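Here is how names work: the chains are called A, B, and so on, in the same order as the sequence lines, proteins then strands, and each is numbered from 1. What you see is a predicted model; the values in this text were computed from it and never measured.
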Protein chains: 2
Amino acid sequence: MDDWDNYRLILALHRSGSLRSAARLLGVNHSTVSRRLATLQAGSAGILFEQVAGGYRPTETGAKMVSAAEDMEEIAQRAERQQRAAGSADKGPITLSLPEAIGQFLLFEDIGEFGKLYPDIDLTIISSYGFANLDRSEADMVIRGTDKPSDHLVGRRLFPYALSHYCKRGYLDDTPPEKRRWLATAHNWSQDEWKKTSPFSDAPILYAMSDLTMRHKALLAGQGMARTACYMADTEPDLMRLPGAKTVTGQHLWVLTHPDLKDTPRIKTLMRYLCDALIAKRTLIEGKTR
Amino acid sequence: MDDWDNYRLILALHRSGSLRSAARLLGVNHSTVSRRLATLQAGSAGILFEQVAGGYRPTETGAKMVSAAEDMEEIAQRAERQQRAAGSADKGPITLSLPEAIGQFLLFEDIGEFGKLYPDIDLTIISSYGFANLDRSEADMVIRGTDKPSDHLVGRRLFPYALSHYCKRGYLDDTPPEKRRWLATAHNWSQDEWKKTSPFSDAPILYAMSDLTMRHKALLAGQGMARTACYMADTEPDLMRLPGAKTVTGQHLWVLTHPDLKDTPRIKTLMRYLCDALIAKRTLIEGKTR
DNA sequence: ATCCATTGGTGCATTTTTACACCACTAGAT
DNA sequence: ATCTAGTGGTGTAAAAATGCACCAATGGAT
C-alpha cells in the first residue's frame with residue numbers, strides 16, 4: 001500500500017460502519033472518505049468493504065487489513081506516548097482530564113497553585129465526565145470517581161467521595177411543603193433511588209440538567225433541593241444539609257496515568273501533587289467536616 | 001501523528017540519509033520530502049532529524065519514531081503478503097523473478113507453456129540478476145543460482161549448474177592463435193580464474209558486457225570465445241566446447257518463495273511446475289548432454 | 001583553482017485532494 | 001402517508017500538495 005494513512009481510513013470505517021461516521025472519526029468530509037475508499041479499492045488492495053444497509057462492512061480481505069491497521073495503531077499510539085514520556089525534568093506538557101466538579105470546586109485552587117510551583121510544566125485541563133482514552137493520548141492523566149478503572153492504567157486509588165441532600169439555608173422555612181422541589185441531574189433522572197432515601201422523598205423534580213455547575217448555582221439560588229457531593233456543598237456557608245439527611249458513599253476517587261508515562265518526572269510530580277492535595281481534603285471529600 | 005504515511009517518510013529519510021535519496025526511495029520530488037519534513041517537525045512530533053554534512057540524521061526522538069516506522073513497515077508488508085497469499089484455486093497474480101539467461105534460454109518454453117496450462121494465473125516475469133526482496137513483495141517467487149539463499153525463504157534447493165568454455169564451430173580453424181579473443185562479462189572481468197583454467201589462457205579479452213544475452217549472440221556470431229552456462233550453449237548446434245575444456249560447477253539453483261505464500265495454491269502449482277521443468281533438464285544444466 | 005556531482009531550499013505552475021452544497025434514497029417513527 | 005434522521009454519491013470550487021526549474025552551497029577529485 002503506497003499510503004499508510006489508508007490504514008487509518010480502514011480502521012475508522014470498520015469501527016464506525018459508515019462513510020459519514022468514519023468521516024467524523026477522521027475529522028474529514030464524508031465525500032473524502034468515499035473517494036479515498038474508491039481509489040484504494042481500485043488499486044491492488046482489492047475490495048476491502050462491501051456495502052450493506054446503512055453503511056459498510058469489511059470483506060474477508062478487508063478484515064485482514066483491519067487487523068493490520070489495529071496493529072499499526074498500537075504502534076503509533078505507543079510512539080506518541082513514548083514521545084510524551086520523554087523529558088528528565090519538571091518541564092513539558094501534561095494533559096489532565098477530570099470532572100468539571102472537581103476542577104471547579106475541589107481542586108480549583110490547587111491546580112492554580114501547581115501552575116505557579118512548576119511554571120515549566122504546561123498543564124492543560126480537560127473537563128469531562130467521559131473517561132479519556134490514555135492509550136490514544138487523549139490525556140496523560142485522569143482523575144475519576146469510578147468503581148471499574150481500566151486495569152492497565154496505573155496510579156492511586158484513594159477513597160470514596162460522599163454525597164448528601166442539601167438546600168439553601170432558609171429554603172425550608174420559606175417554602176411550603178407542597179412547593180418544595182428537587183433539582184436533578186440529567187443522567188440520574190430515571191434512577192430515583194437517591195430521592196427515595198431523602199428526607200422529602202415525595203417532592204417532585206423541578207428540572208434536570210447535565211451541567212453540575214449550573215445545578216450548584218440553582219441550589220445556591222434557592223431554586224430547590226439536591227443531592228450533591230459534600231466537597232461541593234460543605235464549603236458553602238449558605239448551604240445546609242436537609243434535616244435527617246445522611247451521607248452516602250459514592251465511588252472511589254482514582255488518579256491514573258498510562259504505564260508508559262508513569263516514570264516520566266513531570267508526570268510523577270503531578271501525580272504526587274494531586275494525591276497529596278486530595279488526601280489533605282479527605283475529611284471534606286468524605287463529608288465529615290460538618 | 002495525524003498522517004501515518006509520515007512514518008514512511010521517516011523510514012526513507014533514515015535509511016537514505018538525505019532528502020534527495022529519500023525522495024528517490026519514495027518516488028516523489030525531493031522538495032516534497034523537504035516540505036513534508038518541515039511540516040511534520042513543526043507539529044507535535046518535534047525535531048526528528050538534524051542536519052549534518054551531506055544530509056540528515058535522526059535525533060533521539062527521531063530514532064524512536066524510526067523504530068516505530070520499522071514496526072509499521074513489517075505490518076504493512078505482512079498485510080500485503082497475506083493479500084497476495086489469498087486465493088484457494090489456481091488463479092491470481094504471481095510475480096516471478098529470475099535471471100535473464102534462465103528466462104530467455106533455459107525455461108523460455110516452459111514459461112510459455114505454463115501460461116497456456118494455467119490461463120487464470122497472471123504470471124509476471126521480472127528478469128533480474130539482483131535478489132528480489134520477497135519480504136517487501138518485490139516478487140512472489142525467485143529462481144537463483146546462489147550459495148547463500150536468505151534463510152527465511154522456503155522452497156527447493158536443486159542442483160548446481162555447469163559452465164564450460166565455448167566458441168562457434170570453425171572459429172578456431174578460421175582464427176589464428178594470436179587473434180583469438182575472449183568475450184567476458186562485466187562482473188567477472190577482474191576475476192580471471194575462469195580464463196586461467198581455460199584451454200587458451202593467454203588470449204586477451206575482446207570486451208566485456210553485462211548483458212549475457214548480448215554475449216551469447218556475440219559468441220554465436222564468432223566474435224570470440226566465452227565461458228558460459230552449459231544450458232545456454234549445449235543446445236546450440238553451432239557452438240562447440242573448446243578442445244580440452246572441462247565443465248566446472250557453478251552455484252546451486254534454488255526456487256524460493258516467502259513463507260507466508262508457500263501454502264497458496266497457485267504458488268504451490270508454479271513451484272511444482274518450475275521444479276519439475278528444471279529437474280527434467282538436469283542433464284543439460286549439469287553439462288552432461290555432450 | 002577549477003570542475004563536477006551531490007546536497008538543501010524556494011518561487012511558481014500544475015495536479016491532486018478535499019470541502020461544500022446539493023440530490024436521492026432508505027428505514028424507522030408517527 | 002408523512003416526516004425525520006440517517007445514508008451514499010457527485011459536480012464544482014477551494015485548498016493543499018506536489019513537481020519543476022532554478023539557485024546556492026559543499027566536498028571530493030583533478
Salt bridge (Lys or Arg N to Asp or Glu O under 4.0 Å) against Arg78(A), all qualifying residues, sequence neighbours excluded:
Glu74(A)
Determine whether more than 12 heavy atoms belonging to other residues, nucleotides or ligands lie under 6.0 Å from atom CG of Asp122(A).
yes
Report the distance from atom CG of Leu37(B) to atom P of dT10(C), rounded to the nearest whole Å.
13 Å
Grab the CG-P distance between Leu40(A) and dT18(C) for me, whole Å please.
12 Å
Apply salt bridge (Lys or Arg N to Asp or Glu O under 4.0 Å) to Arg84(A) and list each qualifying residue two or more places apart in sequence or on a separate chain.
Asp140(A)
For His216(B), which residues count as a ring-ring contact (aromatic ring centres under 6.0 Å, His included) partner, sequence neighbours excluded?
Phe105(B)
Keeping to residues at least two apart or across chains, list the salt bridge (charged side-chain N to carboxylate O under 4.0 Å, His left out) pairs with something in residues 22-41 of chain A.
Asp5(A)-Arg36(A)
Separation of dT18(D) C1' from Leu26(B) CG (nearest whole Å):
13 Å
List for me each residue that meets salt bridge (Lys or Arg N to Asp or Glu O under 4.0 Å) alongside Arg20(B), sequence neighbours excluded, and say none if there are none.
none
Pairwise N/O distances under 3.5 Å, protein to nucleotides 11-15 of chain D:
{"residue": "dG11(D)", "atom": "N7", "partner": "Arg35(A)", "partner atom": "NH2", "Å": "3.2"}
{"residue": "dG11(D)", "atom": "O6", "partner": "Arg35(A)", "partner atom": "NH2", "Å": "3.2"}

dG19(D) phosphate, OP1 or OP2: any side-chain N/O from Thr32(B) under 4.0 angstrom?
yes
Trp182(A): partners by ring-ring contact (aromatic ring centres under 6.0 Å, His included), with sequence neighbours left out:
His165(A), Trp194(A)
In whole angstroms, the gap separating C1' of dA19(C) from CZ of Arg36(A) amounts to 14 Å
What integer distance in Å separates Leu19(B):CG from dG9(C):P?
6 Å
Here the side-chain hydrogen bond (donor to acceptor under 3.5 Å, both in side chains) pairs for residues 56-66 of chain B, sequence neighbours left out, are Glu50(B)-Arg57(B)
Exercise: do Ser97(A) and Arg144(A) side chains pair donor with acceptor under 3.5 Å
yes
Between dA5(D) atom C1' and Arg20(A) atom CZ, what is the distance in whole Å?
11 Å
Not counting sequence neighbours, list each pair that qualifies as a salt bridge (charged side-chain N to carboxylate O under 4.0 Å, His left out) and has a residue in residues 91-100 of chain B.
none
Using a heavy-atom distance cut-off of less than 4.0 Å, which residues of residues 43-62 of chain B contact DNA chain C?
Gln51(B), Gly54(B), Gly55(B), Tyr56(B)
Salt bridge (Lys or Arg N to Asp or Glu O under 4.0 Å) partners for Glu73(A), two or more places apart
Arg15(A), Arg136(A)
Could you state the CG-C1' distance from Asp3(A) to dT18(D), rounded to the nearest angstrom?
14 Å
Testing dG9(C), dA19(C), dT7(D) for proximity to the side chain of Asn29(A), the answer is dA19(C)
Give the rounded distance in Å between these two atoms: NE2 of His30(A) and P of dA19(C).
11 Å
Could you list by number each residue of residues 9-18 of chain B showing a heavy-atom separation from DNA chain C of less than 4.0 Å, or answer none if no residue does?
Ser18(B)
